[in-house]
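Taking it in order: structure first as structure tokens, then the write-up.
Order of listing sets the numbers, starting from 1, for every ligand and every atom in it.
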Amino acid sequence: FCSIQGVLFPSWTSQSVLMFGTLLGVTLTEQLIIYQVGILPSHFYNVLGDKDYSGFKSLVGKAMVLILLNSTLKSIDQYICGLMYLSWRKTLTENLHSSYFQGRVYYTLNVLREDIDNPDQRISQDAERLCKQMSTMVSRLIVSPFTLGYYTYHCFYSTGWIGPVSIFGYFVIGTFANKILMGPIVSTLFEQEKLEGDFRFKHMQIRVNAESAAFYRAGKVEHMRTDRRLQTLLQTQKSLINKELWLYIGVNTFDYLGGFLSYIIIAIPIFTGVYDGLTPGELSALISKNAFVCIYLINGFTQLIDLSTTLSDVAGYTHRIGELREVMDDILRKQCDYDPADFNVHAGPVDTAFILDHLSYKSPYSENLLVEDLSLKISQGTHLLVVGNTGTGKTSLLRVLNRLWEADSGFVQMTTCFGPRGTLFLPQKPYLTDGTLREQVIYPLKDIYPASGSVDDDRIIKFLELTGVSSLLKRTGGLDENVDWNWYDVLSPGEMQRLSFARLFYLQPKYAILDEATSALTEEAEAQLYRMCKQLGMTLVSLGHRSSLEKYHDVQLKLCGGGLWELTNLRRGTLSEAL
Ligand SMILES: Nc1ncnc2c1ncn2[C@@H]1O[C@H](COP(=O)(O)OP(=O)(O)OP(=O)(O)O)[C@@H](O)[C@H]1O
């Protein structure tokens with residue numbers, strides 16, 4: 001909780017601190033007005049008891065002004081809370097994003113770590129709810145020390161020590177009881193949020209794979225599975241509501257007992273004869289004033305007890321976000337240990353992208369080596385084909401080269417960086433981002449309009465034509481038209497692969513790693529695309545099963561499973577250069 005507060009309030013001059021200060025000023029003024037409004041009834045008793053008409057008229061005028069002021073301040077208070085919620089959400093989410101997207105944390109978190117559920121939900125929903133609940137708590141909490149101090153003094157002044165002591169004792173018992181009742185709620189809320197994420201993920205899965213599911217006519221089975229997740233979620237929600245019942249009983253009992261307690265405190269000086277000398281009119285005015293002071297002090301404490309339900313939510317969300325932050329920090333630390341230069345390129349021969357030195361690797365959570373003791377050089381101009389049966393570790397080799405996975409032993413020396421200008425990777429499942437056609441082509445470059453302007457447009461259009469997807473220009477209405485469809489739903493696998501090649505040609509890296517990147521295309525289309533890659537001067541590392549690929553490569557690495565591999569030269573006399 002403290003480390004999250006450190007993010008929300010980074011410095012004394014930060015926006016949050018300024019808003020917090022303004023809120024404190026507004027709520028304190030509001031409390032002063034509330035006190036004036038609260039003692040109005042006692043003045044009314046006085047003027048009505050004395051049949052003082054002019055006093056009554058001026059009191060009505062004063063009441064109107066105070067009430068108007070009070071409601072204006074209350075609204076400003078709510079408005080500032082809204083602004084604080086926004087500012088907190090922005091700061092917290094941006095902070096989580098900065099760790100999540102650093103290096104390959106998002107990959108490790110989503111693919112390799114099993115100890116953390118639904119990171120997406122924690123960032124998008126839990127952070128939002130945490131900020132919302134905290135902003136609803138803040139205006140009530142912020143003035144508590146002042147109002148409690150102020151009304152304790154007044155209560156002591158009106159009732160003697162018996163008032164404040166009994167109210168304080170009452171609050172201590174209330175807090176203790178609520179703490180016991182809150183404990184199980186926090187852990188159940190944590191569980192509920194996890195199941196909430198799983199349920200949403202199931203719907204997301206159907207949304208993304210709607211067509212495949214429809215081909216299977218899988219409505220019934222998906223219905224059953226989705227309902228099963230819903231049932232588990234609802235069961236946990238029910239258990240949460242059951243546990244909350246006891247908390248509600250505690251909170252409500254303390255609320256009502258509080259109202260009752262104020263009359264006991266007022267009754268004590270009356271029955272012990274402290275006010276015996278007062279007329280009935282004066283006594284009722286005094287009771288009204290004392291009742292307000294006691295009730296307000298009790299109310300101050302019961303409001304704190306009422307916050308227990310909000311507080312248990314805050315604790316649950318804090319737990320989930322805190323855990324995510326800790327895991328991300330842990331991944332970042334390990335990432336730096338494993339990869340000290342973090343993608344910095346090591347010195348090495350300029351014409352060589354990778355040097356693999358006695359490299360062995362295995363898949364996560366497995367004991368068996370996929371490849372053992374592999375030594376190989378990937379150099380400019382020598383095209384490498386990696387073949388092998390399913391699951392022998394072809395894509396895993398790329399993961400190790402890309403440092404997504406750690407090597408078991410040996411090492412990889414990298415002399416060019418992964419990215420648009422060094423080594424570009426076309427994965428087995430084409431990756432299409434959201435956004436316009438231009439954004440698809442220039443991905444992963446960030447700038448939407450590179451400096452070259454219309455020349456750049458011509459290049460993009462040329463490459464779309466070369467890869468056979470120029471029709472997309474018509475469908476989207478232009479390079480920069482925002483589309484409201486999901487690219488995965490509207491493009492065929494072949495079109496997606498062609499669009500990935502348009503991206504490759506546009507970016508023109510030195511090395512291109514093609515993981516079955518033409519599997520959905522005909523051999524003619526494959527030949528045309530490979531020829532183009534070579535014309536643009538790229539060195540290719542391809543993964544695939546098709547024998548038609550051999551003619552575009554110089555060296556073949558065959559992974560045989562169980563750690564074994566074979567290196568064959570596909571062009572006479574060049575094997576020694578590759579080794
Ligand atoms: N994230 C992961 N966690 C655990 N095991 C994994 C993970 N990703 C892949 N594996 C396992 O590692 C092994 C090698 O996978 P890899 O993707 O390298 O196979 P491949 O040779 O590329 O197969 P294919 O020809 O089907 O593409 C497989 O047994 C796979 O199940």
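The protein atom (non-hydrogen) at minimum distance from atom 27 (O) of ligand 1 is Q428 NE2, 3.1 Å. The shortest contact between atom 4 (C) of ligand 1 and any protein heavy atom is with P364 O, 3.6 Å. The shortest contact between atom 22 (O) of ligand 1 and any protein heavy atom is with T395 OG1, 2.8 Å. The single protein non-hydrogen atom nearest to atom 17 (O) of ligand 1 is R399 NH1, 3.3 Å, given as residue, atom name and distance. In terms of protein heavy-atom proximity, atom 29 (O) of ligand 1 is nearest to G391 O, 4.1 Å. Of the protein's non-hydrogen atoms, S363 CB, 3.8 Å is the one closest to atom 5 (N) of ligand 1. Atom 25 (O) of ligand 1 has its closest protein heavy atom at K394 NZ, 2.7 Å. Protein heavy atom at the shortest distance from atom 15 (O) of ligand 1 is S396 OG, 3.5 Å.
In summary, the side chains of S548 and E526 do present a donor paired with an acceptor at a separation below 3.5 Å, with no hydrogens or angles considered. Inspection of the H553 and S542 side chains reveals an N or O donor paired with an N or O acceptor under 3.5 Å. The closest side-chain donor-acceptor pair between H383 and D554, if any, does not fall under 3.5 angstrom. At a cut-off of 3.5 Å, with distance as the only test, no side-chain donor of E372 or Y361 sits close to an acceptor on the other residue. For the residue pair S360/D373, the side-chain donor-acceptor check at 3.5 Å is not satisfied. In this structure, a donor-acceptor pair under 3.5 Å is absent between the side chains of E191 and T188.
An N or O contact shorter than 3.5 Å is missing between L112 and ligand 1 by distance. Of the N or O atoms in H545, one or more lie within a sub-3.5 Å distance of an N or O in ligand 1.
Short contacts between ligand 1 and T392, defined as distances under 4.0 Å to a heavy atom of the residue, involve ligand atoms 21 (O). Close contacts between ligand 1 and E516 involve ligand atoms 25 (O), 27 (O) [criterion: under 4.0 Å to a heavy atom]. Per-residue contacts place V111 under 4.0 angstrom from the following atoms of ligand 1 (heavy atoms of the residue considered): 1 (N).
Taking a distance limit of 4.0 Å, we find that atom 11 (C) of ligand 1 is approached by some protein heavy atom. The protein reaches atom 1 (N) of ligand 1 closely, with a heavy atom under 4.0 angstrom from it.
Residues passing the side-chain contact (heavy atoms from CB on, under 4.5 Å) test with D357 are S375, F411, sequence neighbours excluded.
Ligand 1 lies within reach of W405, whose nearest heavy atom is under 4.0 Å from it.
Using modelled atom types, no side-chain atom of R320 and backbone atom of Q121 make a donor-acceptor pair closer than 3.5 Å.
Within the structure, every pair that satisfies the salt bridge (charged side-chain N to carboxylate O under 4.0 Å, His left out) test and touches residues 218-244, not counting sequence neighbours, is listed here: K202-E222.
Counting only heavy atoms from C-beta outward, the side chains of V387 and L559 never approach each other to under 4.5 Å.
Of all heavy-atom pairs between P184 and S187, the closest is O-OG, 3.1 Å.
The option from T390, V371, N389 that lies nearest to atom 26 (O) of ligand 1, judged by heavy atoms, is T390.
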